Amino acid sequence: MFKPLPIAIGLRYTRAKRRNHFISFISVVSMIGLILGVTALITVLSVMNGFERELRERILGMASHATIQAFDGSLRDWDGLAQRVEHEDPRVLAVAPYVAGEAMLSAFGNISGALVRGIDPAAEQRVARIGEHMIRGSLEDLEAGAFRVVLGYELAAQLGIRVGDSVVLMAPQASVTPAGVLPRMRRFEVTGLFEVGMYEFDRGTAFIHLDDGRAVFQTGEGVTGLRLRLSDMMQAGVISRDVARSLDGMFRVSDWTQQHANLFRAIQMEKVVMFIILSLIVAVAAFNIVSTLVMLVTDKQSDIAILRTLGLKPSAVMLVFIVQGVIIGAVGVLLGVAGGVSLALNIDVVVPFIERMTGTQFLSADVYYINELPSELRLQDVLRISGLAFVLTLLATLFPAWRAARTRPAEALRYE
């Protein structure tokens with residue numbers, strides 16, 4: 001009447017009321033453990049993905065996808081090289097030259113070191129998003145020969161200057177004068193401030209025009225390198241290697257993953273560690289399923305013996321209890337996925353609500369640049385977590401089912 005019979009019996013056992021209410025309680029606890037474990041895993045990994053995305057976007061607001069530099073420190077025929085790279089490889093969307101060097105900035109008795117980058121404002125806008133982070137002025141205010149500078153917000157605060165003030169730039173390249181060898185100094189007008197949201201950049205970076213950078217750092221007609229914007233920044237390593245192989249001469253081509261490898265490697269390691277730690281919650285729930293089914297097998301010992309006497313095979317008896325464990329696991333995993341996805345997609349609503357209820361702020365704007373908890377839900381994470389949880393619950397059913405299959409038909413007579 002019921003086909004297949006083991007599945008029908010397993011479903012009936014799942015729906016039936018337990019004579020031992022403690023077994024029902026353990027079943028509910030197991031399911032709740034699975035729900036919490038899957039929800040926590042999806043939410044935490046989504047938040048860490050959000051942090052990684054925020055860092056990547058802030059870094060790429062300043063850094064380029066890839067950079068071409070000469071081994072001797074200066075690119076001579078950079079204009080022809082830029083046109084060649086941009087036109088030969090369709091994956092290279094834009095190229096911008098730059099001059100970079102370390103210098104000291106001084107104003108109102110304050111002094112600070114900084115990385116000074118000479119840029120072509122029009123070309124720079126094509127390879128980086130620094131213009132989107134301007135809080136005062138514009139990159140277009142940088143003009144050749146005008147000796148203007150755009151500073152990071154933290155750097156300007158350290159020097160105690162505002163837009164319209166002047167700052168003295170001292171380059172390490174020296175000038176020979178009748179009084180001796182003196183450092184090269186030039187007064188620049190501050191025409192803009194930017195704030196990327198990363199202290200490393202906001203505290204130690206300044207922009208001047210490309211021609212002014214050549215004059216200050218004495219590079220002549222050459223530049224320090226070329227910054228590239230690629231069609232797919234996640235394939236920056238592959239594209240950079242292809243570009244390097246296509247160039248004739250001694251050039252060093254690096255991408256953003258190499259320049260910030262330690263940071264993103266640390267984030268990846270944290271994600272792996274958090275995945276392993278939170279997976280233990282799912283493992284604990286799986287152990288609860290083992291205890292639930294073991295007690296259920298003991299409770300149904302007489303029923304199993306009768307079924308074996310009626311001719312039910314040991315493999316079919318195993319399937320009866322596997323079905324029950326799979327149902328508990330499937331319901332727990334599905335509810336956990338629903339909860340995790342809902343929480344990850346609404347983390348920007350849930351966290352402020354908790355902050356208002358508790359009167360605390362998780363990410364203070366005075367301490368952290370990111371004052372909102374970011375989240376990025378990825379389908380592969382959801383599939384990986386749900387798959388892991390379901391496999392653990394399936395494995396957890398094997399021992400109780402095997403124990404039930406060992407029941408011999410003759411034991412039914414003893415019970416009667």
Side-chain angles (χ1 to χ4, degrees), residues 34-66 128-129 132-133 195-201 229-239 255-283 285 332-355 361-365 367-392:
L34 275 175
I35 295 172
L36 292 178
V38 173
T39 300
L41 266 172
I42 293 176
T43 304
V44 170
L45 288 184
S46 297
V47 170
M48 297 194 73
N49 292 335
F51 273 113
E52 184 179 10
R53 180 197 62 202
E54 288 291 324
L55 287 175
R56 184 173 60 245
E57 290 181 353
R58 290 170 188 242
I59 287 174
L60 293 179
M62 294 289 293
S64 57
H65 294 173
R129 298 192 295 269
E132 300 175 7
H133 301 282
E195 185 176 16
V196 177
M198 291 193 68
Y199 187 81
E200 175 186 358
F201 296 129
R229 178 170 174 262
L230 309 178
S231 57
D232 187 357
M233 68 176 182
M234 304 309 295
Q235 296 294 322
V238 176
I239 300 176
D255 60 273
W256 67 274
T257 60
Q258 295 173 323
Q259 298 167 1
H260 305 278
N262 292 335
L263 175 60
F264 288 96
R265 191 178 295 117
I267 294 176
Q268 190 64 32
M269 181 62 68
E270 289 177 1
K271 289 172 63 177
V272 173
V273 172
M274 291 300 297
F275 181 84
I276 294 174
I277 293 175
L278 294 176
S279 296
L280 296 178
I281 300 177
V282 180
V333 170
L334 289 176
L335 292 178
V337 168
V341 170
S342 301
L343 187 57
L345 293 178
N346 297 280
I347 198 73
D348 56 335
V349 177
V350 174
V351 171
F353 174 76
I354 296 176
E355 290 179 340
Q361 188 173 7
F362 296 147
L363 298 176
S364 174
V367 180
Y368 303 99
Y369 280 110
I370 302 175
N371 55 12
E372 295 181 355
L373 205 61
S375 177
E376 181 181 353
L377 183 66
R378 296 178 182 174
L379 177 61
Q380 59 267 31
D381 288 339
V382 176
L383 295 178
R384 183 175 55 173
I385 293 168
S386 58
L388 172 66
F390 186 76
V391 169
L392 287 177

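Everything quoted here is computed from the prediction, not taken from an experiment.
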Quick one: closest heavy-atom pair of [X] and [Y], and the distance?
X: Val44; Y: Met274; value: CG1-CE, 3.9 Å
X: Ala389; Y: Val333; value: CB-CG2, 3.6 Å
X: Ala236; Y: Leu230; value: CA-CD1, 3.7 Å
X: Ser231; Y: Ile239; value: OG-CD1, 4.4 Å
X: Phe275; Y: Leu45; value: CD1-CD1, 3.7 Å
X: Gly336; Y: Thr39; value: O-OG1, 3.1 Å

Query - Student check: side-chain heavy atoms of His65 and Arg229 closer than 4.5 Å - result: yes
Query raised in the report: Any side-chain heavy atom of Val282 within less than 4.5 Å of one from Leu388?
Result: no
Partner residues of [X] under the side chain to side chain contact (heavy atoms under 4.5 Å, CB included) criterion, sequence neighbours left out:
X: Asp232; result: Met234, Gln235
X: Ile276; result: Val272
X: Ser46; result: Ile42, Ala344, Ser375, Leu377
X: Val273; result: Met269, Ile277

Query raised in the report: Excluding sequence neighbours, so at least two apart, what forms side-chain hydrogen bond (donor to acceptor under 3.5 Å, both in side chains) with Ser64?
Result: Thr67
Query raised in the report: What pairs with Arg384 under salt bridge (charged side-chain N to carboxylate O under 4.0 Å, His left out), at least two apart in sequence or on another chain?
Result: Asp381
Requested in this report: Using the salt bridge (charged side-chain N to carboxylate O under 4.0 Å, His left out) rule, collect all pairs that involve residues 256-267, keeping only residues at least two apart or in two chains.
Outcome: none
**Report entry** Distance, nearest 0.5 Å, that separates CG of Leu280 from CG of Leu278
**Finding:** 8.0 Å
